Amino acid sequence: MSKLGVVEDTLFVPMLGRIYASEHCPQILYDKKALELKNKLPLDLIKQNKQNQYTLLASASRSANMDRFIRSFLERRPDGVIVQLGCGLETTYYRCDNGRTRWYAVDLPHVIDYRRELLPELERETYLAGDAFSEDWIRQVRTEFPDAPILVTAGGLFHYFEENKVVALLRTMGQFGNMEVVFDTVNKKGMAMMQKKYMKQVGHADAQMFFYVDSAKELAAKIGGNAKVIAEEPYYRHIPRNGLNLSTRLSMAVSDRLCMVKMIQLKL
């Protein structure tokens, strides 16, 4: 396996979270494919995992939230296309595919190479190696599906980039029409907490973070065009908390009360 960079290396964090949830908290997320892959991951990664229940379930909750938005989109738009930006080792296809949707997964070339080793493309899946912030993937998907509604997911991605870069990408997507985007983000308080604590806990204190959203409405105004907010909700609103450690439940409650982490869906 080629050496992955600091940010790409965080692709193992959500995988470990999905494995943990599947083994201990299947009421939050059960990911059969992640369990199948457990023995194929670097062994030292499993052994050295210093995360606590809260950080592991924060990752699993992101996948559970994304699944909910994707399923809801496909119920509304069964002819829709799903594009996952910064896909890493995400196994969403196996959990959410409806038997007819076209799926695209976008990530950096060496991440896509590694993904292919563990998760070869399936018949309605296309892997695109490249920069999530370039127009290339948008043009390719729109060429292949000129009129289809598209849902773009960006899980655990935007935090690492400057606001102007994220806004520019969302503006560009808006120019191609009939697109929605769903992503997780933090507010200013949440950003401070992540920089101080969370990234150290998951072993990535060196991954810098920039982008946060205090108000989805203000973000939509910055994007301009026809951008409007479909949803802005606290991260753990739909996550079952039965059977979790008290400290985990408290952390989730505090996060939601202060809207420190949230899910945002925009129509562009």
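Quick caveat: nothing in here was measured; it's all calculated off a predicted structure. Reckoned from all heavy atoms, side chains included, excluding hydrogens, waters and symmetry mates.
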(request) Name all pairs fulfilling the salt bridge (Lys or Arg N to Asp or Glu O under 4.0 Å) condition that reach into residues 234-250, sequence neighbours left out, sorted by first residue then second. (result) Arg241-Asp256
(request) Establish, from distance only, whether the side-chain atoms of Arg102 and Thr126 form a donor-acceptor pair under 3.5 Å. (result) yes
(request) Go through the side-chain N and O atoms of Arg95 and Thr91 and say whether any donor and acceptor fall under 3.5 Å apart. (result) yes
(message) Checking Asp136 now: which residues fulfil salt bridge (Lys or Arg N to Asp or Glu O under 4.0 Å) with it, not counting sequence neighbours?
(response) none
(request) Looking only at non-hydrogen atoms, find the nearest pair between Val229 and Ala220 and report the distance. (result) CG2-CB, 4.2 Å
(message) When you measure from the side chain of Asn98 to the backbone of Thr101, do you find a donor-acceptor pair of N or O atoms at a distance under 3.5 Å?
(response) yes
(message) Contact between Tyr160 and Phe211 at the side-chain level, heavy atoms closer than 4.5 Å - yes or no?
(response) no
(message) According to ring-ring contact (aromatic ring centres under 6.0 Å, His included), who are the partners of Phe69, at least two apart in sequence or on a separate chain?
(response) none
(request) Without swapping roles, check the side chain of Glu232 against the backbone of Ala216 for a donor-acceptor pair under 3.5 Å. (result) yes
(request) Can you run down the side-chain hydrogen bond (donor to acceptor under 3.5 Å, both in side chains) pairs that involve residues 164-173, sequence neighbours left out, and say none if there aren't any? (result) none
(message) Using modelled atom types and a 3.5 Å cut-off, is there a donor and acceptor pairing between side-chain atoms of Ser255 and backbone atoms of Ser251?
(response) no
(message) Quick one, Leu219 and Leu266 - any side-chain contact, counting heavy atoms below 4.5 Å?
(response) yes
(request) Using modelled atom types only, decide if a donor and an acceptor are shared between the side chain of Thr55 and the backbone of Gln51 within a distance under 3.5 Å. (result) no
(request) Answer whether the closest heavy-atom distance between the side chains of Val213 and Asn187 falls below 4.5 Å. (result) no
(message) Run the side-chain contact (heavy atoms from CB on, under 4.5 Å) test on Leu56 and Ile19 for me, step by step, so that the C-alpha distance in whole Å, both residues' side-chain angles and the decisive distance to 0.1 Å come before the verdict.
(response) CA-CA 9 Å; Leu56 285 159; Ile19 290 169; over 6 Å; no
(request) Identify, with sequence neighbours excluded, every residue that meets salt bridge (Lys or Arg N to Asp or Glu O under 4.0 Å) alongside Glu36. (result) Lys32, Lys33
(request) Please list all pairs passing the salt bridge (Lys or Arg N to Asp or Glu O under 4.0 Å) test where one or both residues lie in residues 214-230, with sequence neighbours left out. (result) Glu163-Lys222
(request) Side-chain contact test, heavy atoms from C-beta onward, threshold under 4.5 Å: evaluate it for Asp107 versus Arg115 and give yes or no. (result) no
(message) Under the rule for salt bridge (Lys or Arg N to Asp or Glu O under 4.0 Å), what residues qualify as partners of Arg142, not counting sequence neighbours?
(response) none
(request) State, yes or no, whether a side-chain contact exists between Val181 and Leu268 at a heavy-atom distance under 4.5 Å. (result) yes
(message) Using side-chain heavy atoms (C-beta onward) and a distance below 4.5 Å, is Leu37 in contact with Leu119?
(response) yes
(message) Taking atom NZ as the centre, does Lys189 end up with more than 12 heavy-atom neighbours from other residues, nucleotides or ligands that are less than 6.0 angstrom away?
(response) no
(message) If you count heavy atoms of other groups shown closer than 6.0 angstrom to CG of Asn226, is the number above 12?
(response) no
(message) Has Trp103 got a side-chain atom pairing as donor or acceptor with Arg124's backbone, closer than 3.5 angstrom?
(response) no
(request) State plainly whether the residues Glu233 and Arg68 are in salt-bridge range, i.e. N to O under 4.0 Å. (result) yes
(message) Does any part of the side chain of Leu57, heavy atoms only, come nearer than 4.5 Å to the side chain of Cys25, both counted from C-beta?
(response) yes
(request) For His238, enumerate each residue passing the ring-ring contact (aromatic ring centres under 6.0 Å, His included) test, keeping only those at least two apart in sequence or located in another chain. (result) none
(request) Using ring-ring contact (aromatic ring centres under 6.0 Å, His included) as the criterion, list what pairs up with Tyr104, not counting sequence neighbours. (result) none
(request) Ignoring hydrogens and angles, tell me if any N or O in the side chain of Asp79 forms a donor-acceptor pair with the backbone of Ala148 under 3.5 Å. (result) no
(message) Taking Val152's backbone N and O only, do any of them form a donor-acceptor pair with Glu180's side chain (distance below 3.5 Å, no angle check)?
(response) no
(request) Could you pull out all residues at least two apart from Phe183 that satisfy ring-ring contact (aromatic ring centres under 6.0 Å, His included)? (result) Phe158
(request) Check which hydrophobic residues are tied to Leu250 through side-chain heavy-atom contacts below 4.5 Å, counting indirect links as well, and list them. (result) Leu246
(message) Under the rule for side chain to side chain donor-acceptor pair (under 3.5 Å), what residues qualify as partners of Arg77, not counting sequence neighbours?
(response) none
(request) State yes or no: do Leu169 and Phe210 share one hydrophobic cluster built from I, L, V, M, F, W and Y residues joined by side-chain heavy-atom distances below 4.5 Å, directly or via other members? (result) no
(request) Answer yes or no: is there a donor N or O on one side and an acceptor on the other, between the side chain of Gln53 and the main chain of Leu244, under 3.5 Å? (result) no
(message) Given 3.5 Å as the limit, does a donor-acceptor pair link the side chain of Asp184 with the main chain of Met263, or not?
(response) no
(request) Please determine which of Val186, Asn65, Thr185 meets the side chain to side chain contact (heavy atoms under 4.5 Å, CB included) test together with Tyr235. (result) Asn65
